[in-house]
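Pasting a structure below so you can have a look.
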There are 2 protein chains.
Amino acid sequence: MATIGDVAQEAGVSRSTASYALSGKRPISEDVRRRVLEAAEALAYTPNAGARALATAQTKVLGLLARFHEDEFAPAMMQYILGVTNTARDLGYDTLLVTEADGVRALRRITDSRMVDGVVLMNVAQDDARLPVLRAAPQPGALVGLPDDCSGLDVFDLDFEEAGRVMVDHLHRLGHRELILVSQPEHVVERGGAYVWRLRDAALERARQLGVTLHAVYGESRQPAAGRLLNESLDAHPAATGLLINNEAAVAALPTVAHARGLRVPEDLSVIGRHSADFAATFSLPYSFVESAPDRLGSMAVRQLVRRVESPAARKEPYVVRFISPELVSLGSTAHPRPRSS
Amino acid sequence: MATIGDVAQEAGVSRSTASYALSGKRPISEDVRRRVLEAAEALAYTPNAGARALATAQTKVLGLLARFHEDEFAPAMMQYILGVTNTARDLGYDTLLVTEADGVRALRRITDSRMVDGVVLMNVAQDDARLPVLRAAPQPGALVGLPDDCSGLDVFDLDFEEAGRVMVDHLHRLGHRELILVSQPEHVVERGGAYVWRLRDAALERARQLGVTLHAVYGESRQPAAGRLLNESLDAHPAATGLLINNEAAVAALPTVAHARGLRVPEDLSVIGRHSADFAATFSLPYSFVESAPDRLGSMAVRQLVRRVESPAARKEPYVVRFISPELVSLGSTAHPRPRSS
DNA sequence: CGCGATCATCGAACCGGTTCGACAATCAGG
DNA sequence: CCTGATTGTCGAACCGGTTCGATGATCGCG
């Protein structure tokens, strides 16, 4: 493999001149520049990443830490990851994907060893143990997910409060007065998934203001428990005419459950989910939903991260906490209510 | 950040001694070793990855190139990726995930710059343009997916022929004599997804041998086209009693389609899918399936890759083409046939 | 024609590790 | 007690880039 020394020799100049000719950081005469570029081309020269990292203290690599525990919804994770990797590449960065169970150790490894210029943390929990480590690291960091303490880091998340309100408002406007909200299991919340509560609490609050009855239930985000949860909830609240689902697995289970119970959507039951557009498209789910845009969130996090990485000025700016507004995508699964129980 | 020079100074030895004490590559007296280790601990020393890569010509990073075009099924990709990243970490490697559209350029970048010690290529097409680049690269490579030319690379894939035969055999044994096989769209095949044909051809061949009628149809792997395809196929072949589905989107669409047509599974129609166990579990799909194990494939590819990376002897071994055997996971969606059309 | 300013290039040092060969100290054997 | 082998440590070189300061050539100007 050709080094910059080979290129310099081939062009008949010194190594430093070759370097300047390639980087353009100092004026170089036109014919020397041309000779160097031709030599580099001829030798198929590519700078050694390790050497460059050592010299410049920059790796042009971003770290992406994702958690994959029982309750993480893998298809959604894929969207986040694509948002991050594609945006990073557009900005000139590669992405080191770390899925190790021990996130703290993984984070220490990639930051202390200077493998990465910055880090995106996904599935951030309220009291995430990785946060103090990231704050102490020399590289800047961005979060996807809202922790209790946002200091020292840029934070990006869906506006779950607004999502809850949008769902309730929509069905209230159609005339519904009794709703069921299906959330993720409580142990997701206990592990730090406060977003489940943020949506639920905002929905409950809005329902109270509007005089709507809202039954909040929780359940597993795996099958077949998610289907069972739906059945039990519908049994327990026979007068409910609308179903709000903040739980992908439960959305996926609904067609089968509805079929088995002989329920038509939206004639017998209005339904709104909360998930990504990709999820809906891939699985042929004909339910309206409040869109979470995981790829957009990942993309935003990377943009801000790279800003801080590349500009010393940006590194001193105040940290941001930015929410993206949920949008209701209507697929016709909501209508004016008809009493469910005959 | 502490360097090995700081550690050496703190321990009162030379840099080289510190290095040997930490690596154990030369005998070091007990108390010097102890002093060095204590100094490293006290200073929270972590070797600089770039410097180490430069000195050792090893990065301890593997490249993972995944394609995400219209027809790639993102949830399945996630499983592949997890199989790769988790196994890589177990073996001491981090993973650089590249999802760039221009795979050839991406591959050149990460191999020429020596960012990675080896490369796993996913979604390998028959005449994949990345293959010649990878063969010419100094790093070893492993493929997930079977191309026309396997030379110079280790190849891992599901045994799609066997998968096709297993599906046909199973329904034949139950007494079915007319089946429909739903495959992925033809343009997937044109772009190099020969596995679609491998399964189909083996299924057709086995069907012929057994005297079973098999209608092979193709369709989009997106919604709602996948559902439409199912409807059209069932309309076109009313006497078929069994459905084989090598198309995740079509599997996902089936509950809705079956519901709409008033078809009961397995009473009216026996169904076998071809996808991962994770897919079935996540989406509550109560259909028996021939399991493709994406995580296992990714894991196998990495193991072999790392063997070649780490052992010069292994690098000279003949290249392998290894298929994993499909297993039929029964979820009760097959039964003895009853004529569908009354 | 001589002066200083400008421009292009070079040599050397540095980034932070690893590794080779040399050397001093210790040890066992004759 | 001297020798030769063994053990532990050190200094220097190297990996392949980047960058600073210096130097020589060229130029315009008085």
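Proteins come first, then strands; the chains are lettered A, B, ... in the order of their sequence lines, and each starts at number 1. All figures in this text were calculated on a predicted structure; none of them were measured in a lab.
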Practice item. Figure out the CD/P separation between B:E30 and D:dT9, and round it to whole Å. Key: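 Rounded to the whole Å, the gap is 10 Å.
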
**Study point:** A:R307, A:R303, A:R308 screened by side-chain hydrogen bond (donor to acceptor under 3.5 Å, both in side chains) with A:D154, the one that passes
**Key:** A:R308

Check your understanding: Reckon A:T56 touches a base, only the sugar-phosphate, or nothing at all at heavy-atom distances under 4.0 Å?
Key -> sugar-phosphate

Review point. When the nearest nucleotide of DNA chain D is assigned to A:S23 and to A:M1 on a heavy-atom basis, which residue is associated with the more 5' position?
Key: A:M1

Review point. Charged N to carboxylate O under 4.0 angstrom, A:R34 versus A:E30?
Key: no

Study note, to complete from the structure: Checking B:R105, B:Q139, B:M115 against B:I110 for side-chain contact (heavy atoms from CB on, under 4.5 Å), the one that qualifies is B:M115

Review point. Taking only N and O in the side chain of B:S19, is any of them less than 4.0 Å away from OP1 or OP2 of C:dT18?
Key: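 True: B:S19 side-chain N/O within range (under 4.0 Å) of C:dT18 OP1/OP2.
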
Practice item. Answer with yes or no whether B:Y20 presents, from its side chain, a donor or acceptor under 3.5 Å of a partner atom in the base of C:dC20. Key: yes

Review point. Is any side-chain N or O of B:S29 closer than 4.0 Å to OP1 or OP2 of D:dG8?
Key: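 No.
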
Exercise for review: Determine the contact category for A:S16: base if any of its heavy atoms lies under 4.0 Å from a base atom, sugar-phosphate if only primed atoms, P, OP1 or OP2 are that close, otherwise nothing.
Suggested key: base

Review point. Could you state the CG-P distance from B:L54 to D:dG16, rounded to the nearest angstrom?
Key: 7 Å

Review point. Taking atom P of C:dG16 as reference, at what distance in whole Å does atom CE of A:M115 sit?
Key: 17 Å

Exercise for review: Verify the distance criterion only: is there a donor paired with an acceptor across the side chains of B:S276 and B:S292 at less than 3.5 Å?
Suggested key: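 On atom types as modelled, these side chains do not qualify, holding no pair under 3.5 Å.
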
Practice item. Please report, rounded to the nearest Å, how far the C1' atom of D:dC14 is from the CZ atom of B:R52. Key: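 Taking atom C1' of D:dC14 as the reference, CZ of B:R52 is at 17 Å.
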
Exercise for review: Choose from D:dG17, C:dC10, C:dG16 the nucleotide whose nearest atom is closest to any side-chain atom of A:A55.
Suggested key: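 Among D:dG17, C:dC10, C:dG16, the one nearest the side chain of A:A55 is D:dG17.
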
**Study point:** D:dG21 base / A:R26 side chain donor-acceptor hit below 3.5 Å
**Key:**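 Pair found.
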
Review point. Once you round it to whole Å, what is the distance between P of C:dG17 and CD1 of B:I4?
Key: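 Roughly 6 Å, once rounded to whole Å.
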
Point to revise | Below 4.0 Å: OP1/OP2 of C:dG17 and any side-chain N or O of B:R15 | key: no

**Study point:** A:I28 CD1 to C:dC10 P, straight-line distance once rounded to whole Å
**Key:** 8 Å

Check your understanding: Under 4.0 Å between a side-chain N or O of A:K25 and OP1 or OP2 of D:dT19?
Key -> yes

**Study point:** B:T3 side chain near C:dG16 phosphate (N/O to OP1/OP2, under 4.0 Å)
**Key:** no

**Study point:** Nearest-Å distance for atom pair CG/P, residues B:D6 and C:dC15
**Key:**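 It works out to 11 Å between those atoms.
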
Review point. So does A:R109 have more than 12 non-hydrogen atoms from other groups sitting under 6.0 Å from CZ?
Key: yes

Check your understanding: For D:dG16, does OP1 or OP2 lie under 4.0 Å from any side-chain N or O of A:Y45?
Key -> no

Practice item. Find the distance B:D31:CG to D:dT7:C1' and express it as a whole number of Å. Key: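 These atoms are roughly 14 Å apart.
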
Review point. For C:dC10, does either OP1 or OP2 sit under 4.0 Å from a side-chain N or O belonging to A:T17?
Key: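 Yes, because at least one side-chain N or O of A:T17 sits under 4.0 Å from OP1 or OP2 of C:dC10.
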
